[in-house]
Structures are given as structure tokens and as C-alpha cells.
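Input: a single structure, listed below in C-alpha cells.
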Amino acid sequence: MNQEVTFMSDGACNLRDLQYYMRPNAEHVLDYFHIAMRITVLQQMARGLPPPLTAAAPAAVATLESVKHHLWHGNVGRALILVEDFTDGFDLIADPPPEVRKLRRYPSDSAATSTTTPI
């Protein structure tokens, strides 16, 4: 029980529950592949923005690509700032369409389900 343990996972809740049960004080690490997959989903959602927001899609996709780049190079702080700026930009839209509401909500839903350390 005194041995330090690090779990690497995809952040799934059921697996996290098992990890906490086995070793409550263990470090939990979310691997880069699964983080990149979540960002790719966001990029696809950004590409599908309806008019008149279609013009914002390339900038949104580029920002998310920059997030992946910063995470890959270990700059988690900068990546988190970019994600916050990304979601804040959509908060400025009055009466947003469903696509924008979903795009704005997805990063916080993902963060809520995985409170692990990204690698």
C-alpha cells in the first residue's frame, strides 16, 4: 500500500472509479492520444458551424490545432488558456444556434469527466 502508483487511462468514468478504489492516492494520467481525439471532435464540430459563423470556422480549427501542439510539447498552461479563450469567444454570440451551444459545452463536459493529469 505504500508503493506509488500511476494509472494511465482514457479518462472513462468506470475505469477511473476502479482506479480510485484500488489506489485512492495514485496519480491519474490521461494520455495524449485520447486528448487529441477529443480535440479532433471539437475541430469537426467547428468545421460544421452554420452561417454566418462559417467564417469563424478556420480560426477555431487553427486554435484547436494550436492546443494540440502545445499539449504535445508539454505546455499545458498555454493550452488551457487557448481552450478558455476558445470557449469565451463563443460566449459572445447572442442567441447561439444549437451547434454553437454544443461546441461551447463540449470542452467543459470533457474536462468534467477527466480530471486526470494530461501527458
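Along the sequence shown, residues are numbered consecutively beginning with 1.
Between the side chain of S66 and the main chain of A62, no donor-acceptor pair closer than 3.5 Å is present.
Partners of E65 under the salt bridge (charged side-chain N to carboxylate O under 4.0 Å, His left out) rule, at least two apart in sequence or in another chain, are K68. Every residue two or more places apart in sequence or in another chain that forms a side chain to side chain contact (heavy atoms under 4.5 Å, CB included) with T6 is listed here: E27, V29. L80 meets the side chain to side chain contact (heavy atoms under 4.5 Å, CB included) test with V76; sequence neighbours excluded.
Note on V61: it does not cluster hydrophobically with M37, by side-chain heavy-atom contacts below 4.5 Å among ILVMFWY residues. I39 and I81 fall into different hydrophobic clusters, where Ile, Leu, Val, Met, Phe, Trp and Tyr are joined by side-chain heavy atoms under 4.5 Å apart, directly or via other members. Residues W72 and F86 are members of one and the same hydrophobic cluster, defined by side-chain heavy-atom contacts under 4.5 angstrom among Ile, Leu, Val, Met, Phe, Trp and Tyr.
Residue pairs meeting the ring-ring contact (aromatic ring centres under 6.0 Å, His included) criterion with at least one partner in residues 40-67, sequence neighbours excluded, are absent. Sorted by first and then second residue, the salt bridge (Lys or Arg N to Asp or Glu O under 4.0 Å) pairs with a member in residues 47-58 form an empty list; sequence neighbours excluded. Identified under the ring-ring contact (aromatic ring centres under 6.0 Å, His included) test for residues 39-71, with sequence neighbours left out: H69-H73.
Looking at heavy atoms from C-beta onward, T40 lies in side-chain contact with Q43 at the 4.5 angstrom threshold. N75 is not listed as a side-chain neighbour of L71, based on a closest heavy-atom distance of 4.5 Å or more. Between L49 and P97 there is no side-chain heavy-atom pair separated by less than 4.5 Å. Between M45 and E99 the shortest side-chain heavy-atom distance does not fall below 4.5 Å. In this structure, the side chains of T63 and D85 stay at 4.5 Å or more apart for every pair of heavy atoms.
Relative orientation of the F7 and H28 rings is parallel, given thresholds of 30° and 60° on the angle between their planes.
Considering CG of N14 and CD of Q19, their distance stands at 9.5 Å, rounded to 0.5 Å.
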